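The block underneath contains the structure these notes are about, expressed in structure tokens.
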Amino acid sequence: MSDKKRFNGLFILFLITVMCGCATVSRRPRISADKEAYLKDICEQNNIDWQWDQVSQVATLQYRGANAKVLSGSDIVMIGDDRVTLSAPARTVRSSVIVPIDFQSKVVSRLYQEAGGARQYVLAKIRSIAIDAGHGGKDPGAIGRSGLQEKGVVLDICQRLKKLLQQRGFEVKLTREDDTFISLAERTEMASRSNVDLFISVHANASPARSLYGVEVYSAEELGFVDRIETQRKMNEDLMFGNLSIDRNASDVKRIVSDMLYEHKQAESGALAGRISQTASKLIKTKNLGAKTERFYVLRNTLVPAILVEIGFLSNPKEEKLMETSSYRQEIAQSLAEGISDYANGK
Ligand SMILES: [Zn+2]
């Protein structure tokens, strides 16, 4: 095609676009607001510049030097060189571009990350870790046949784990250093206030089935709307945002960072849980009961990647005996340190 013809073609398309645009100003196609949104609205709400190329059917979004390309009819969005998949294709109806609702969490938050907004924070290498020894004080946790108490076993393992991780260069914070009772809320507040990159809660299991043994690791299951606005979670967000370099008055920025942290946390926690259950069960030579998801309080109210490790069953006579020994506790601590540092170093 000659340049002149191309120009004429583009000009005609431009005219059609303008005319269609005018015709649809007052009458937008109907969408179901809980599933879809207008790209134009999303961009305006988030201060994103955008251009629509009628010929290629590509919308180019720009925010502080970062850009994303949205192709009508495709569920793929390119953010810089990275590919993001939406839950449904973007579509065009009477020159309005309509995108699925996860566009906000998948594309907008990534654009903000790329632009540097919260990138440093979220993608920062893991430097500091909160280790949470379960139970304590008036709450003994599970109790074995011999009287061995979960709170003592896990505190000892956590102290060993702390030393091992410090030797590997991590900053470590224990939610409790001794046999004191600390509420679950306080544990999550500590993790949010102290700006840690990872939260690991350590427990020992119990089951009426005394033959049951092995390691299992939990991450938070997908949170519903009510969980996402849980008072403690909101309080923890405020504690955490106090440490972030974001405009604390910009509620939309907060919301985006909050969504972004959540997406990051869910993805990373699941991966970490799988990794730890594998490494730990292998190194301490016990059964891998796998990575699971649960609504545990300390998992759903922490904002950074978080897992809860059940290191063995106090109700199982063999594992109870092992957990009495300092050598087994050291092995457990070593296996956890190994799994955590592999993950932290991106291995
Ligand atoms: Zn426990």
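Numbering of ligands and ligand atoms starts at 1, following listing order. As the structure is a prediction and not an experimental result, all values here were calculated from the model.
- Protein atoms of type N/O/S that fall under 2.8 Å from the Zn ion (ligand 1) number 3 in this view.
- In terms of hydrophobic clustering, with Ile, Leu, Val, Met, Phe, Trp and Tyr side chains grouped at heavy-atom distances under 4.5 Å, Ile182 and Val154 are assigned to different clusters.
- Among pairs with a residue in residues 275-330, those fulfilling ring-ring contact (aromatic ring centres under 6.0 Å, His included) read Tyr218-Phe296, at least two apart in sequence or across chains.
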Note to self: I'd like to know whether Ser96 forms a side chain to side chain donor-acceptor pair (under 3.5 Å) with Arg28, so could you lay out the CA-CA distance, the side-chain angles of the two residues, the decisive distance to 0.1 Å, and finally the verdict.
What the structure shows: CA-CA 7 Å; Ser96 284; Arg28 282 175 141 189; 4.8 Å; no

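- The neighbour count for Lys292 NZ, taken as heavy atoms of other residues, nucleotides or ligands under 6.0 Å away, is above 12.
- Residue Ser335 holds its OG atom at 10.0 Å from CG of Leu164, rounded to the nearest 0.5 Å.
- Residue Lys106 qualifies as enclosed at atom NZ: its count of foreign heavy atoms under 6.0 Å is above 12.
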